[in-house]
Amino acid sequence: MINLIVLFSNNLIIYYTIKDMISLTNLVSATDFTIFYIIIVCCLLALLAGVIILFRFMLSSSRSSYYNTFESTNNYVVDLTLKKVTRYNLKNFKDKKVFNLDRFLYYFSLLDRENFYKWLIDLGNKKGVDMYDRSSIYLATIVDRRLKSRNQRCLFLVKKVDELEKKIYLDSLKLYNLPVAESKNKTKIKKVDFAFGEIKKLYEDGYFAKGSSFIIRFKKKESASSYFNEYFLRYVIIDGLYKIFKTNSVYFYFKNEEVFEIDILDKDFITIYQTREQINKIKSTIKTIFEQYGYFNVYTYSLVGTLVSELSHDYDLMYKALNDRLNINFEERISAYLYRKEEQNNEDNMWALSTEVIKVVSSQGIEPYFKPIIQLKQNNIIIYGYCVNFKVNSDKFDSIEALKKAAHLTNNLRAIFGLCLKKSIPLYLANRDNFFAKIVFLIHYNEISLAMQNLPYINKLKEAHIIFLFEIVEFLDIENIGECVKTIRNLQVKGFEIGLLIRKGEFQINKELYKNVDFFFVDCELESNVKADSKSFVSAHTLLDKLIVYQKPIIEINARSFAEIELLYRSGIQFFSSDVISVSQPMMTPLDKKVIKRIENMMK
């Protein structure tokens, strides 16, 4: 027996049977005439609602098989000769269904119906069988005739074309996030692929003045052993990205060039924090898609995002700035970057500086210059060694110190050291005056590790007699001199000698440092016409007297006249390197005969 339920506002529920409804007399007796009519109306409405629900359920069941035709688990065989389509369910291959081609096309949008059919015909006629380009896929809009809100994008991929039998084998993939059309409701922009001119105009008109801009670029790996259709990836990436952007603010643009790139403008992100979070979401989405479809071994990508307010409101200038940053991303293997104008200016400067340093290295634009160190011993003039300095062939750097400073800022210092050693040591070995002649490199204490990394690559290094020269001022603020002494001893064990450069005055430093170096290089800073009673000489002699007690060779590196050389020679100094003896030269040439004669006369 069928029961009817009537629910009143006072929460009273009354059950009626069909028999009770037939017995109107009993019903009238139970209530007054007005309530009787209310009950009749409610019953009729309830019956009508039930019939409608039942009808829609039956209709849905009868058409569900057609709607499910386009699941991503299906593939299709299109027989153009017989004009039929066979659907195979990949989860259950026995679940096969055959459609008339016209019936199959009926579920496409009106525009896609004609274009999709033409695409099939072209495939059958071998006009679009290239599996590596856009012609091997088709993005269609599937129309649900019951509910327009269930219209959906479906991506068809060509797997094979049988030319003889006129059969086309397709896979399908539902794209759940791609909208199907542009809504008339302006608050819900559902268009995806906008034209370049359309976006550029909106950008320069200020539509995105408080928004963000993103560029995502993909590159195929050279080591990739298999090919994946980039147009397929393009659609599934957008399908994934669309759901993380709000549909009422986002504009997508696909380049039709060889560059595989997706440009996105969104007026909804107005703070750096929001833009940074969106970049992280984009990265996560791409990672998920790469994992799902196996793209990690095929493509690499990079993206850059920024607030529009950080850039020019000229679209071309904006794009150039982001494009330049993308190029750096790929060179430095950065997958994502948040562009900030202030930071980028600094980075641009560093990039330009690094480029100039690399130019010097690549062109080998460093030339060594040698200044001899002479020893005056027993009325003989001996070439004891050479101080080497470097000149830079560059308009950007006026000295080796300026180049080293730039190299330090741009992490290219090791390359500079390598070039200096490579250019100077082989030249010294080939042209030195005698086998025991030394070569002196002035370097910073914290740079010694860089020199040691490059020295093993120098040919015949064991035949070189190298002195590393440190300036004493580098050790003034070091509390733990013991560590420095340990480093010096390790260098000496490896066959190198250590010099300490003292330019002026007296320095109170732990005596252990003085005891463990091999040479003192000094600049007494005497005037050119110095005499024994000159104030500068008296001051210099105080320093020299304190150094002599350590019984290390003392080398005067900047004597300004022969008078100074003679005065210091009479005071017991034997080693000199000075422009008055010989200026720095690119080749190690013999001493001038006039200089030799003058020094010989001085020693007599």
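Counting begins at 1 with the first residue of the sequence. Since the model is a prediction, treat every value here as computed from it, not as a measurement.
When ring centroids are compared, Phe519 and Phe575 stay outside the 6.0 Å threshold. The aromatic ring centroids of Tyr315 and Phe196 lie less than 6.0 Å from each other. For an aromatic pair to be called close, the ring centres must be under 6.0 Å apart, and Tyr295 with Tyr301 fails this. Remark: aromatic rings of Phe475 and Tyr445 are close, center separation under 6.0 Å.
Under the 3.5 Å distance criterion, the side-chain polar atoms of Asn412 are matched with a main-chain donor or acceptor of Thr410. Remark: the backbone N or O of Lys594 is paired with a side-chain donor or acceptor of Asp592 at under 3.5 angstrom. Judged purely by atom type and a 3.5 angstrom limit, Glu497 has no side-chain atom pairing as donor or acceptor with the backbone of His465. Side-chain atoms of Glu356 do not come within 3.5 Å of backbone N or O of Ser394 as any donor-acceptor pair. Counting only distance, with no hydrogens or angles, the side chain of Thr288 and the backbone of Ser284 share a donor-acceptor pair below 3.5 Å. A donor-acceptor pair under 3.5 Å is formed between the side chain of Asp518 and the backbone N or O of Ile498. Remark: side-chain polar atoms of Glu564 are paired, donor with acceptor, to backbone N or O of Arg560 under 3.5 angstrom. Judged by distance alone, the side chain of Ser302 and the main-chain N or O of Ile334 form a donor-acceptor pair under 3.5 Å. A donor-acceptor pair under 3.5 Å is absent between the side-chain atoms of Tyr299 and the main chain of Phe290, judged by distance alone. Under the 3.5 Å distance criterion, the side-chain polar atoms of Ser582 are left unmatched by any main-chain donor or acceptor of Ser578.
Considering CZ of Phe330 and OG of Ser335, their distance stands at 10.0 Å, rounded to 0.5 Å. The structure places CZ of Phe441 at 3.5 Å from OG of Ser424, a figure rounded to the nearest 0.5 Å. Note that the CG atom of Leu241 and the CD1 atom of Ile289 stand 6.0 Å from one another [nearest 0.5 Å]. Atom CG of Leu326 and atom CD1 of Ile215 lie 5.5 Å apart (nearest 0.5 Å). From Leu338, atom CG reaches atom CZ of Arg276 across 5.0 Å, with rounding to the nearest 0.5 Å. Rounding to the nearest 0.5 Å gives a distance of 9.5 Å between CG of Leu450 and NE2 of His408.
Closest approach of Leu491 to Met452, counting heavy atoms only: CD2-SD, 3.7 Å. Here the closest heavy-atom approach between residue Val304 and residue Leu322 is recorded as CG1-O, 3.8 Å. Nearest heavy-atom pair, Leu303 versus Lys283, reported as atom, atom and distance to 0.1 Å: CD2-CG, 3.9 Å. Contact detail for Leu455 and Ile466: the closest heavy-atom pair is CD2-CD1, 4.2 Å. Minimum interatomic distance between Gln274 and Asp268 (heavy atoms only, all atoms of both residues): OE1-O, 4.1 Å. Shown here for Val580 and Val595, the closest heavy-atom pair between the two residues is O-CG2, 4.2 Å.
The aromatic rings of Tyr242 and Phe252 lie tilted to each other, with the angle between the two planes from 30° to 60°. Ring geometry, Phe470 versus Phe468: the interplanar angle falls under 30°, so the pair is classed parallel (tilted spans 30 to 60°).
Under the side-chain contact (heavy atoms from CB on, under 4.5 Å) criterion, Asp579 pairs with Lys371, Val583, not counting sequence neighbours. With sequence neighbours left out, Thr285 forms a side chain to side chain donor-acceptor pair (under 3.5 Å) with no residue at all. Considering only residues two or more places apart in sequence or on other chains, Phe576 meets the ring pair (Phe, Tyr, Trp, His ring centres under 6.0 Å) condition with none of them.
For the pair Lys423 and Phe390, the cation-pi criterion (under 6.0 Å, within 45° of the ring axis) is not fulfilled. For the pair Arg414 and Phe417, the cation does not sit on the ring face, since its NZ or CZ is not both under 6.0 Å from the ring centre and inside 45° of the axis. Taking the ring centre of Tyr369 as origin, the terminal cationic atom of Lys391 falls inside the region bounded by 6.0 Å and 45° from the ring axis. A cation-pi arrangement, defined by a distance under 6.0 Å to the six-membered ring centre and an angle within 45 degrees of its axis, is present between Arg325 and Tyr337.
With salt bridges taken as basic N to acidic carboxylate O contacts below 4.0 Å, none links Glu483 and Lys486. A salt bridge links Lys320 with Asp324: at least one charged nitrogen is closer than 4.0 Å to a carboxylate oxygen. Taking the charged nitrogens against the carboxylate oxygens, Glu566 and Arg570 do have a contact shorter than 4.0 Å, which makes a salt bridge.
By the neighbour-count criterion of 12 heavy atoms within 6.0 Å, atom NZ of Lys552 is densely surrounded, having more than that number from other residues, nucleotides or ligands. Under a cut-off of 6.0 angstrom, the local environment of CD in Gln551 is sparse, with at most 12 non-hydrogen atoms contributed by other residues, nucleotides or ligands. When the shell of 6.0 Å around CG of Asp316 is examined, it contains more than 12 heavy atoms from other residues, nucleotides or ligands. Counting non-hydrogen atoms of neighbouring residues, nucleotides and ligands closer than 6.0 angstrom, the OH atom of Tyr273 reaches no more than 12 such neighbours.
Annotation: side chain of Arg217 is in contact with side chain of Val259 (closest heavy-atom distance under 4.5 Å). Using a 4.5 Å heavy-atom threshold, the side chains of Tyr319 and Tyr203 count as separate. With a 4.5 Å cut-off on side-chain heavy atoms, Tyr207 and Lys201 do not count as touching. A heavy-atom distance below 4.5 Å is not found between the side chains of Lys377 and Asn380.
Of the residues Leu419, Leu413, Val392, Asp398, the one that meets the side-chain contact (heavy atoms from CB on, under 4.5 Å) test with Leu403 is Val392. Here the options are Thr275, Asp266, Thr271, the test is side chain to side chain donor-acceptor pair (under 3.5 Å), and the partner is Ser212; only Thr275 passes.
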The test is side-chain hydrogen bond (donor to acceptor under 3.5 Å, both in side chains); show your working for Thr306 and Glu310 and say whether it passes.
CA-CA 7 Å; Thr306 187; Glu310 293 278 339; 5.3 Å; no
Report the C-alpha distance between Lys597 and Glu600 in whole Å, list the side-chain angles of each, state the deciding distance to 0.1 Å, and finish with yes or no for salt bridge (Lys or Arg N to Asp or Glu O under 4.0 Å).
CA-CA 5 Å; Lys597 184 67 175 176; Glu600 287 177 342; 5.1 Å; no
